[in-house]
Amino acid sequence: MISKTYNPREIEDKWYSYWIENRYFNSKPNPEKEPYTVVIPPPNVTGVLHMGHMLNNTIQDVLVRKARMEGKEACWVPGTDHASIATEAKVVAMLKEKGIQKSDLTREEFYEYAWEWTDKYGGIILQQLRKLGASCDWDRTRFTMEPALYDAVIDTFIELYNKGYIYRGHRMVNWDPQAKTTVSDEEVITKEVMTKLCYLRYQVVNSYPLTVNSDEVSDNGQHITDNDDSIIIATVRPETIMADSAICVHPDDERYKHLHGKKVLIPLINRAIPIITDEYVTMDFGTGALKVTPAHDQNDYDLGVKHQLELIDILTEDGKLNEKAQILVGEDRFVARKKIIKLLEESGNLEKIEDYKSNVGHSERTNAVIEPRVSLQWFVRMKELCEPALQNVMNDNIQLHPAKFKNTYRIWIENIRDWNISRQLWWGQQIPAYYLPDGTVIVAKTKREALRKAQHELLLFALTEADLTQDPDVVDTWFSSWLWPISVFDGFKDPNNEDINYYYPTNDLVTAPEILFFWVMRMIIAGYEFRGELPFRNVYLTGIVRDTKGRKMSKSLGNSPDPLDLIDKYGADGVRTGMLFSSPAGNDLLFDEKLCEQGRNFCNKIWNAFRLVKGWEVYSPQSTVHSSQLSVLWFDAKLNQTTAEVLDLFSKYRLSDALNVIYKLIWDDFCSQYLEMIKPGFEQPIDKATFEATIGFFDKLMALTHPFMPFITEEIWQDIRPRGEKESLCVAEFPKAAPFDATLLANFEIFFEVVTNVRNLRSTKNISPKTELPLTIKTENQALYQPFESLLIKLANISDISYTTGKADGTSFLVKADEFFVNLEGELDVEAERENLQKELEYTLGFKKSVEAKLSNERFVQNAKADIVEKERQKLADAEAKIATIQEALVRLS
RNA sequence: AGGAUGUUAGCUCAGUUGGUUUAGAGCGCCGCCUUGACAGGGCGGAGGUCAUGGGUUCGAGUCCCCUACGUCCUACCA
């Protein structure tokens, strides 16, 4: 006895183990077959599955399963990312709970804890992916911190350094004065804060050339003019004026043209700084004059570099003023701010203070206000490396789906800055740079090699390993994940191995648009740089999963359902289809559990169709029922038509559309129409030929649906298949498009319309579906309807069918230009009939008019393509025939 | 602020080189239908001047421009 509803739970576990046991997901290079490769975007090793992963991995699985069924050597490589910042933060928090400070540990000790943590929580997410049905080759699971991949990072660092792409330089970073470390841009939370905008007056120095010793100038007072010759700037950080290197105004600003080339004195400390001009300045903000403080502001830093200004850092690493500030030395930056305002007020340099709303960066971890700070970091020179990455996306060697992202991608690359790859963390690949006691840098794979280099290249034979210190920083996580498509096949360790030669370049990459820049672009760069070839041919960009209100799903909002709960509730197939129903590439998915419900209902629908067919008793008659024969021909055509459509949609990466087309094929065409057409009477057997054709349809439908719903399709497929033919739907053949009879499909459409009209008539006249009705067809083309008679009787519950070219009794409806009469018992509601016909007439007349307007337009007839004009003529003829029929009917009623 | 992108039924979206009827689907809604595969179901129905205003064209949901609103990315401005 088959259950009335589909029960996913045991079926899913059963088949997943079966697939794994039989190693259907494992792949080896096979020269006989075309490879199809996907590398998973490695999730954070300590992460748990969220809705974004579900969507992303469902899409990958659909693509991989289809390729596998198409006979390709499908290989989906899973793995995880060490996620240095996120993981280190979690480990540090865990240590804190144990009462251990990171600073109390050696690097080695810290690693022990980190690995312990990774082993404990790592890979949970990969277990969860199995529940979803992901057909990964689990034997190939990789981790970005495992030795081989660690080495790949070190080797590529050295290679790029030797090629001159990596350099060490002073750059502005986000400094957390409380944690005394730099933090990445992603860890900076900008918050809106109310601050004071101070307007400060700087005195202009008139004499030229200016004496270097500014004290002298202020002492004798000669060079300082009265208030008319001064410039007022606005700032929210008055405590940094001692670090000013210039005042900047817009070159076209008439107010300040007379000051170009002059110098001003910084209030309180009276150091002279130049007035420079740059179009960066917004004339109508503040006073249109800007103090330039290169050491304490990113934009000012850029200006400083451009105008070669002095860089004066007046802050200590914990955010206090240092000796270079000259005044308020030792005060905290915020205390200093208050105090200096007072000093400025006393000295008469403070013009006014306004309340001002500004966005200030805060550290995610300590909530301290981030201090832009210049420090020594490692960088990758990007401009040249980017060239192939830009070109090969623009010329579609690598295709983005949807293509609209090409634009964004181009703009990003064109504005790229050098990539800061050093991070002041421990969990990650330590930079292979060694410092000699005098500060000389040697980049080498090991300390021993660095020493050898120092001895041989620098002739420093007296050095020992103890004299060398390795750079404590690690590289940015993306510096390991950009190698992923190559490193998972050991393309660095062994650049000519069988795997990399066979699987690389990979085919499709599925990821979120948010990391197009961080990750996708960098993988493309790495692909061309390290293998001289693209890393993948297609990039499928998913949307972001949001809730029904359009908010991003997040832990803090608590609006993200647990994917495993969903799978438990709706089944993996239900959740998979639920997510894909409404998520075309590049579109955000507004997730609603209703979608999963729809997915589950779809499973149930398929399940019950299967139950119905399974329950039939089969017999072998002399000849097959005619209506069933016709139905089989029709569904075969429909199936071929839809298969072609599905294949076309797949080729365009329109997976949502492909799923919807399949959904309708199964629900509407197969269940609602086909099964109803061939269904034998209650407790009647079905003829063998029809039964077998139906089983054949099931076979193809399950194959077509398998990439989307692997579990239920496998269950049914296994049940209907003769044993021993092929062992799993996973590796069965994906349906191919075959020719189909388009005329047959068109005639069936007319037939369905007739059926719908009869049902509609019953509905409006309140006649039970069980009451048989006689039907008279008024047509010039009797031959069109004759083949459908038996089906019409069955589906519309007609007692008998007759034809006429004249008139008939009863109420009627129109399909095309033919009229269908149903003689109902009782009175005919003439008024209602007339009203309906009148409405239809009006519509058709309006339609005819619009077609006529087109056709009577000479320019249309001249300019439009011949087939378009012909179609319009046909439309007109159809409309005219229909109008004639309606008018006859109206005459008859009056 | 700059850039990208979007605005089609109550909601979520299709509508692929401009011409297959006067625009489609799913969900929701309304009406009718429960012994017979499935109420997680069946049958039927209502619902849109394609954001606004211009333009190009014989013809515009589709191409161009303006405006409004939304989303995203980058930069956040002293």
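Chain letters run A, B, ... following the sequence lines, proteins first, then strands; residues in each count from 1. The figures that follow rest on heavy atoms only: side chains count, while hydrogens, waters and symmetry mates do not. What you see is a predicted model, and the numbers here were worked out from it, not measured in a lab.
- The minimum heavy-atom distance linking A/G543 with A/L55 is given by the pair O-CD2, 3.9 Å.
- Base contact: A/N863 has a heavy atom under 4.0 Å from a base atom.
- A donor-acceptor contact closer than 3.5 angstrom links the side chains of A/D302 and A/Q298.
- Between B/U12 and B/U71, the two C1' atoms lie 15 Å apart (nearest whole Å).
- A residue-by-residue look at A/K664 and A/A234 shows that A/K664 has its nearest nucleotide of RNA chain B further toward the 5' end.
- Side chains of A/Y674 and A/T694: a donor-acceptor N/O pair is present below 3.5 angstrom, by distance only.
- Distance CD (A/E676) to C1' (B/G36): 11 Å, rounded to an integer number of Å.
- Rounded to whole Å, the P atom of B/G26 lies 27 Å from the corresponding atom of B/U35.
- In the set B/G26, B/A4, B/U21, the nucleotide with an atom closest to the side chain of A/N407 is B/A4.
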Can you give me the dot-bracket string for RNA chain B, 5' to 3', counting Watson-Crick and G-U wobble pairs with both distances under 3.5 Å, using [ ] for crossing pairs and | for partners on another strand?
(((((((..((((.....[....)))).(((((.......))))).....(.(((..]....))).))))))))....
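- Comparing B/U16, B/U22, B/C58 by their closest approach to the side chain of A/R654 singles out B/U16.
- For the P atoms, the distance from B/A51 to B/U16 is 14 Å, rounded to whole Å.
- Nearest nucleotide to the side chain of A/F860, out of B/A37, B/G42, B/C58: B/C58.
- Within a heavy-atom distance below 4.0 Å of RNA chain B, the residues of residues 598-606 of chain A found are A/Q598, A/R600, A/N601, A/N604, A/K605.
- At a threshold of 4.5 Å between non-hydrogen side-chain atoms, the residues A/K848 and A/I883 count as touching.
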Apply ring-ring contact (aromatic ring centres under 6.0 Å, His included) to residues A/F517 and A/Y409 and explain how you reach the verdict.
CA-CA 7 Å; A/F517 183 67; A/Y409 181 88; 8.7 Å; no
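- The gap from the P atom of B/A60 to that of B/A4 amounts to 28 Å, rounded to the nearest Å.
- Checking A/Y199 against A/E354 by side-chain atom types alone, a donor-acceptor pair falls below 3.5 Å.
- The side chain of A/K594 approaches B/C27 more closely than any other nucleotide in the set B/G19, B/G42, B/C27.
- B/C27 atom P lies 16 Å from atom CZ of A/F591, rounded to whole Å.
- Side-chain atoms of A/T642 and A/K664 include no donor-acceptor pair closer than 3.5 Å.
- Taking atom C1' in both B/U22 and B/G28, one finds a spacing of 26 Å when rounded to whole Å.
- Closest to the A/N760 side chain, of the nucleotides B/U22, B/G31, B/G45, is B/G45.
- Atom C1' of B/G48 sits at a distance of 11 Å from the matching atom of B/G24, rounded to the whole Å.
- In the set B/U20, B/C13, B/C38, B/C13 carries the atom at the smallest distance from any side-chain atom of A/L590.
- Between the side chains of A/D244 and A/T293, at least one donor N or O sits under 3.5 Å from an acceptor N or O.
- The side chain of A/F682 has B/G36 as its nearest neighbour among B/G36, B/U22, B/G3.
- To the nearest whole angstrom, the two P atoms, one in B/G15 and one in B/A9, are 15 Å apart.
- Put simply, the side chain of A/L589 does not reach to within 4.5 Å of the side chain of A/I544, judged on heavy atoms.
- The stretch residues 291-306 of chain A touches RNA chain B through A/N299, each having a heavy atom under 4.0 angstrom from the strand.
- Here B/G19 is the nucleotide among B/A4, B/A37, B/G19 with the atom lying nearest to any side-chain atom of A/A864.
- Using modelled atom types and a 3.5 Å distance limit, the side chains of A/E593 and A/Y570 yield a donor-acceptor pair.
- Going from atom CD1 of A/I314 over to atom CD of A/E239 covers 7.0 Å, rounded to the nearest 0.5 Å.
- Within the 4.5 Å cutoff, the side chain of A/I231 has no heavy atoms near those of the A/R201 side chain.
- We find that CH2 of A/W616 is positioned 16 Å from P of B/G36, with the value rounded to whole Å.
- Distance, A/K871 NZ to B/U20 C1': 6 Å, rounded to whole Å.
- Note: A/Y663 and A/W667 have tilted aromatic rings, judged against thresholds of 30 and 60 degrees for the angle between ring planes.
- Nearer to the 5' terminus of RNA chain B, by closest-nucleotide assignment, is the contact made by A/V851 (compared with the other of A/V851 and A/R546).
- Rounded to whole Å, the separation between the P atoms of B/G19 and B/G61 comes to 10 Å.
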